[in-house]
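Report on the following structure.
Please read all numbers here as calculations on a predicted model, not as lab measurements. Labels below follow one simple rule: chain letters A, B, ... track the order of the sequence lines, proteins then strands, and each chain is numbered from 1.
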There are 2 protein chains.
Amino acid sequence: MVTIADVAAHAGVGAGTVSRVLNDSPQVSESTRARVLAAIEVLDYRPNPLARGLSRGRCQTLGVVVPFFTHASAVERLRGVVAALDKSLYDLVLFNVESPVHRDEHFTTLTRRDRADGLLIMSLPPPPASLHRLATSGVPIVLLDSRGAGVPAVVTDDVEGGRLATRHLLDLGHERIAFLGDEPGNPLGFTSSSAREAGYRETMESAGLAVRPGDVRHGPHVRAVARDLTRAMLAAPDRPTAIFAASDTQALGVLEAARAAGLTVPRDLSVVGFDDVEVSSYAGLTTVRQPLFESGRRAAELLLESLAAEEPLGEAEYQLDLELVVRSTTAAPATTPAAG
Amino acid sequence: MVTIADVAAHAGVGAGTVSRVLNDSPQVSESTRARVLAAIEVLDYRPNPLARGLSRGRCQTLGVVVPFFTHASAVERLRGVVAALDKSLYDLVLFNVESPVHRDEHFTTLTRRDRADGLLIMSLPPPPASLHRLATSGVPIVLLDSRGAGVPAVVTDDVEGGRLATRHLLDLGHERIAFLGDEPGNPLGFTSSSAREAGYRETMESAGLAVRPGDVRHGPHVRAVARDLTRAMLAAPDRPTAIFAASDTQALGVLEAARAAGLTVPRDLSVVGFDDVEVSSYAGLTTVRQPLFESGRRAAELLLESLAAEEPLGEAEYQLDLELVVRSTTAAPATTPAAG
DNA sequence: TTGAAAGCGTTACCAC
DNA sequence: GTGGTAACGCTTTCAA
């Protein structure tokens, strides 16, 4: 393994000078710089990142904490992060989170500059204790798709998204609109589903429509679960004419159940999802599009900026635009509801 | 930042002893061990991984080189890798590859123990020069979904998969079976598509069926491209009665084109894909299932084993089983072909 | 503009 | 069993 000392010897200079060349310090004469570069070339020298990191107190690594398995949308966001980091000099370390223990473990261990120079936390609202530790750790943090006091965040206006979806169905003439989303007390504390539900409830209320208890269902974020929950809803004698699902994954489960129940979408049932993941365009799903890839990129860029500026970002909040994408799973209700 | 020296001072022992406790060396008395552990607890000490890595010559990190953007299947494989590494003590560094330059850069830079203790390379056949460098670098490597002389690999029998798909269509009575796959000269050298094509051609030949030139189409691995290529095929007056696509992504493009052309699947056209990614079950796609998640896990476990054994794996090849999953996009051809 | 040398926080070897 | 002390390979200050 060729070290900086080898290069120094080969070039006939001191190790310090080689280091200066490596970190292109201006205070090196052109001639020595050339000599050093030549030696580096000849010896095929590459600096040891560990040694460099130990010496400088940082490790050229960005940690990305992500519930990699739970949400389909996380992958698309991660792609955006990867894209942004591609051109940077930082390596990306992936920390998967499936349980709160998992999460807190990462949060504690990662708040040190020798672990990661910056942290990007996806969809996970840090619990207060972790948040304090994170905020005061000196390691720049960006929250993506969650919020925390004192920490910058790239967020989606999920409440507004819920309104958008619901209003769309109302505009089509629906009055019995159901909602299907995550369990409110999901272990990792994902909040997007309940925010979307809030937008839904609010919009229903302003339209003077009551939400029947049986028209709101919750379950783990899995297609099969959404399918089963929907089956129950559709089995009732007077079923809703439209369902707003808190995510595309769940909306696909809804569609599956509708198909299984012999219903034609959108004639017998309208369905709206949320996210616009890749499958959705194929499935012809009407959905609230949020720029997943872009949000990942934006968050990563934010982190890079704060790293470059060597100063923490404030509590700034960056919000990306939502857009209703109308495809072929929504239409006016075929029959006027019994209440009419 | 609390260091090993602080712990040593607090416990009234030498730094070496603390280190021994950390790496649970047997040669520490129970009493001192307890004292040291207490000090660690009180001071909330965590070893600096950089320093540890520098000293020991490895960094507790595994590099995963993956064409993250190009193939949907890569994500599912990556999930398997993440799952396997979750319980290990290794961090996962993600290296995205989109171009050959990208790829070679990673291959050169990652063949050092101070970068990664092991390397998992997904779907990328290393060029000979890189391969030599990799094989002799001393860094354990596992290839996933590609092969290389002297390097262990977890692979899929793509040729057999191609046979499976084609035979299924033949068994249903099809004779005009088309193939749609990646460009043979794709820049990163993915080989799965052409292997699947080989299985297809071989099976057609043994069945005594000629493959018409226009019945084999190639293009970049993108759904929209597959759709357009299919449109061209279906526009011809005597079109094939079945299409075998080299991946589910491409098969979805085929389905889209069929729908756009007003054809009913499987009545007017049978479609078989490859991979069985998550979407496929939703789309009801008949496909050749390969255990993507499982392959990722297997490859990662292999790497961990070789790391634990501190000896390089041989050129062993690990092959996972394929399985034809018949869903609703294949059926007997409606009309007997013109040749009949 | 440059070299020498002192860290950075561990581990591992060598005495005791 | 345990403490002292070289490494590990780099950056950075201090002198010159």
| request: Answer yes or no: side-chain N or O of B/R20 and base N or O of D/dG3 forming a donor-acceptor pair under 3.5 Å. | output: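 It does, because a donor-acceptor pair links the side chain of B/R20 to the base of D/dG3 below 3.5 Å.
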
| Under 6.0 Å from the six-membered ring centre of B/F68 and within 45° of its axis: does the NZ or CZ of A/R79 meet both? |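 Satisfied, under 6.0 Å and within 45°.
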
| said: What's A/V13 touching, base or sugar-phosphate or nothing? Going by heavy atoms closer than 4.0 Å. | reply: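 The residue A/V13 makes sugar-phosphate contact but no base contact.
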
| query | Pick the nucleotide of DNA chain D nearest each of A/S19 and B/T32; which residue has the one closer to the 5' end? | reply |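 Nearer the 5' end of the strand: B/T32.
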
[X] vs [N]: side-chain N/O to OP1/OP2 distance below 4.0 Å:
{"X": "A/N48", "N": "D/dC8", "value": "no"}
{"X": "A/T3", "N": "D/dC8", "value": "no"}
{"X": "A/S55", "N": "C/dC8", "value": "no"}
{"X": "A/R52", "N": "D/dT11", "value": "yes"}
{"X": "A/T17", "N": "C/dG3", "value": "yes"}

Value in whole Å for how far the [atom2] atom of [N] lies from [atom1] of [X]:
{"X": "B/Q27", "N": "D/dT2", "atom1": "CD", "atom2": "P", "result": "10 Å"}
{"X": "A/N23", "N": "C/dT1", "atom1": "CG", "atom2": "C1'", "result": "17 Å"}
{"X": "B/L50", "N": "D/dA7", "atom1": "CG", "atom2": "P", "result": "22 Å"}
{"X": "A/R46", "N": "D/dG9", "atom1": "CZ", "atom2": "C1'", "result": "16 Å"}
{"X": "B/L22", "N": "C/dA12", "atom1": "CG", "atom2": "C1'", "result": "14 Å"}
{"X": "A/I4", "N": "C/dA4", "atom1": "CD1", "atom2": "C1'", "result": "14 Å"}
{"X": "A/R56", "N": "D/dT12", "atom1": "CZ", "atom2": "C1'", "result": "11 Å"}
{"X": "B/M1", "N": "C/dG9", "atom1": "CE", "atom2": "C1'", "result": "12 Å"}

| After noting the C-alpha distance and the side-chain angles of B/D6 and B/R46, does the key distance pass the salt bridge (Lys or Arg N to Asp or Glu O under 4.0 Å) rule? | CA-CA 11 Å; B/D6 300 326; B/R46 334 235 157 200; over 6 Å; no

| query | From C/dT2, C/dT10, D/dG9, pick the nucleotide closest to the side chain of A/S29? | reply |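 Output: C/dT2.
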
| task | Go through D/dT2, C/dT10, D/dG9 for me and flag the one nearest to the B/P47 side chain. | result |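 Nucleotide nearest to B/P47's side chain: C/dT10.
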
| When you measure from the side chain of B/H106 to the backbone N and O of B/G63, does any donor-acceptor pair fall under 3.5 Å? |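 Absent.
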
| field | Close aromatic pair by centroid cut-off 6.0 Å: A/H71 and A/F190 | value |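 That pair passes the under 6.0 Å test.
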
| field | Carboxylate-amine/guanidinium proximity below 4.0 Å for A/R298 and A/D145 | value |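 Looking at A/D145 together with A/R298, the answer is no, because their closest N to O distance does not fall below 4.0 Å.
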
